[in-house]
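This report refers to the structure that appears directly beneath it.
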Amino acid sequence: MASKEDIRSSRRLHRRTLTPEHIATAGESLARHGTAWAAELSPGGAATFAVYLGVAFEPPTIPLIESLHEAGHQVLLPVCEPGRLLSWVYWTPSTAFVRSAYAPIDEPEGERLESTVIAKAAGIFMPATAVDRDGNRIGQGGGYYDRLLQGLDAAGQRPPTIAVVYDDDLLPSGSIPAEAFDRPVRQVLTPSGVVQLHDGPEPA
């Protein structure tokens with residue numbers, strides 16, 4: 001079995017081969033399927049969803065963010081803090097972005113809220129460089145989301161969570177080594193649609 005770092009490097013190299021047209025088309029599809037997933041989780045109407053800003057060759061999420069907003073939902077975007085912690089800012093179309101001081105991502109400017117706000121969200125769209133069909137996820141290597149989910153799981157407050165990847169970032173079962181601190185996911189959002197990996201609730 002390949003190491004997480006080898007898999008992460010391989011997927012990043014592959015993503016760099018994607019054309020702007022492929023990336024743009026993927027963004028449109030992710031927005032459509034992601035907004036449909038959000039609608040299933042919020043049958044009563046507007047809700048709050050935690051998303052993230054896909055940058056460079058990552059699956060683009062701006063179309064998803066805008067689509068969720070247009071559907072009447074509130075969108076929370078992450079900000080990296082010291083100690084591998086995340087804070088959160090509500091996004092609006094006028095939100096400005098700055099480069100993070102702690103990770104290679106762009107972050108929203110605005111009032112920062114503690115991660116306890118995520119417990120009240122209807123769902124979480126998570127970044128990933130790969131996910132296998134057992135639900136094991138490889139992130140960017142910072143551990144921010146594993147730490148976030150660990151806290152939510154410990155309190156029994158994790159909202160439904162979906163990892164966002166390109167279609168070929170979804171790997172066969174057993175492809176990704178699982179470690180004690182990893183937080184598996186049950187669903188994956190790809191340009192082709194939502195993939196259900198397991199039945200039942202999120203892992204505790």
Side-chain angles (χ1 to χ4, degrees), residues 2 4-5 7-12 14-15 18 23 26-27 29-38 40-41 48-65 67-68 75-78 80 84 86 88 103-105 115 118 121-153 157-179 181-204:
K4 285 185 177 181
E5 191 53 46
I7 296 171
R8 184 181 291 114
S9 297
S10 174
R11 299 319 305 166
R12 285 174 173 168
H14 175 75
R15 287 179 173 185
L18 300 177
I23 294 172
S29 297
L30 291 170
R32 183 172 67 256
H33 296 302
T35 303
W37 182 76
E40 292 179 0
L41 296 177
T48 298
F49 290 89
V51 197
Y52 69 96
L53 183 67
V55 297
F57 294 94
E58 290 182 310
T61 56
I62 280 290
L64 171 61
I65 292 167
S67 180
L68 291 171
V75 175
L76 286 163
L77 298 183
C80 294
R84 297 187 177 182
L86 293 173
W88 299 85
I105 61 172
S115 280
I118 301 302
I124 304 172
F125 293 88
M126 287 180 57
T129 54
V131 180
D132 71 14
R133 288 188 177 272
D134 297 318
N136 297 312
R137 164 188 164 272
I138 296 178
Q140 297 293 351
Y144 288 91
Y145 276 87
D146 284 322
R147 182 158 186 173
L148 169 70
L149 297 185
Q150 186 175 28
L152 292 170
D153 286 344
Q157 296 179 321
R158 191 210 290 203
T161 304
I162 194 165
V164 183
V165 295
Y166 293 108
D167 290 295
D168 50 10
D169 293 328
L170 180 57
L171 307 178
S173 294
S175 296
I176 297 175
E179 300 176 70
F181 58 81
D182 288 333
R183 302 288 102 181
V185 295
R186 299 301 195 199
Q187 294 177 298
V188 176
L189 174 62
T190 74
S192 294
V194 173
V195 180
Q196 183 73 40
L197 301 180
H198 299 277
D199 295 326
E202 294 284 347

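Values reported hereafter were calculated over all heavy atoms of this structure, with side chains retained and with hydrogens, waters and symmetry mates removed. Starting from 1, each residue takes its place in the sequence as its number.
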Could you state the interatomic distance from [atom1] ([X]) to [atom2] ([Y]), rounded to the nearest 0.5 Å?
X	Y	atom1	atom2	result
Asp168	Leu18	CG	CG	7.5 Å
Leu30	Thr190	CG	OG1	7.0 Å
Thr129	Ile176	OG1	CD1	7.5 Å
Leu171	Ile138	CG	CD1	7.0 Å
Glu58	Leu53	CD	CG	8.0 Å
Leu77	Thr61	CG	OG1	7.5 Å

What are the two closest non-hydrogen atoms of [X] and [Y], and how far apart are they?
X	Y	answer
Asp167	Ser192	OD1-OG, 2.8 Å
Val165	Pro191	O-CD, 3.4 Å
Leu152	Ile124	CD1-CD1, 4.0 Å
Ala31	Ser67	O-OG, 4.0 Å
Pro60	Tyr166	CD-OH, 3.8 Å
Pro177	Lys4	O-CE, 3.1 Å

>> Please enumerate all residues that pass salt bridge (Lys or Arg N to Asp or Glu O under 4.0 Å) together with Arg147, with sequence neighbours excluded.
In response: none
> Taking only residues two or more places apart in sequence, or in another chain, which ones meet Asp146 in a salt bridge (Lys or Arg N to Asp or Glu O under 4.0 Å)?
Replying inline: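 Salt bridge (Lys or Arg N to Asp or Glu O under 4.0 Å) check on Asp146 returns Arg137.
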For a 4.5 angstrom cut-off between non-hydrogen side-chain atoms, does [X] reach [Y]?
X	Y	result
Leu148	Met126	no
Thr161	Arg186	no
Leu86	Cys80	yes
Arg133	Ser175	no

>> The test is side-chain contact (heavy atoms from CB on, under 4.5 Å); show your working for Phe125 and Ile162 and say whether it passes.
In response: CA-CA 5 Å; Phe125 293 88; Ile162 194 165; 3.5 Å; yes
> Where do Asp134 and Ser173 land on the side-chain hydrogen bond (donor to acceptor under 3.5 Å, both in side chains) test, with the steps shown first?
Replying inline: CA-CA 5 Å; Asp134 297 318; Ser173 294; 3.3 Å; yes
> Going by the angle between their ring planes, with limits at 30° and 60°, are Tyr145 and Trp88 parallel, tilted or perpendicular?
Replying inline: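 Tyr145 vs Trp88 ring planes: perpendicular.
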> Passes side-chain contact (heavy atoms from CB on, under 4.5 Å), His33 versus Val164? Steps please.
Replying inline: CA-CA 11 Å; His33 296 302; Val164 183; over 6 Å; no
> So, Arg8 side chain and Gly139 main chain: donor-acceptor pair closer than 3.5 Å or not?
Replying inline: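 Checked: pair present.
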> Run the side-chain contact (heavy atoms from CB on, under 4.5 Å) check on Leu197 and Val131 step by step: do they pass?
Replying inline: CA-CA 10 Å; Leu197 301 180; Val131 180; 4.0 Å; yes
>> Ser29: which residues meet the side chain to side chain donor-acceptor pair (under 3.5 Å) condition with it, sequence neighbours left out?
In response: none
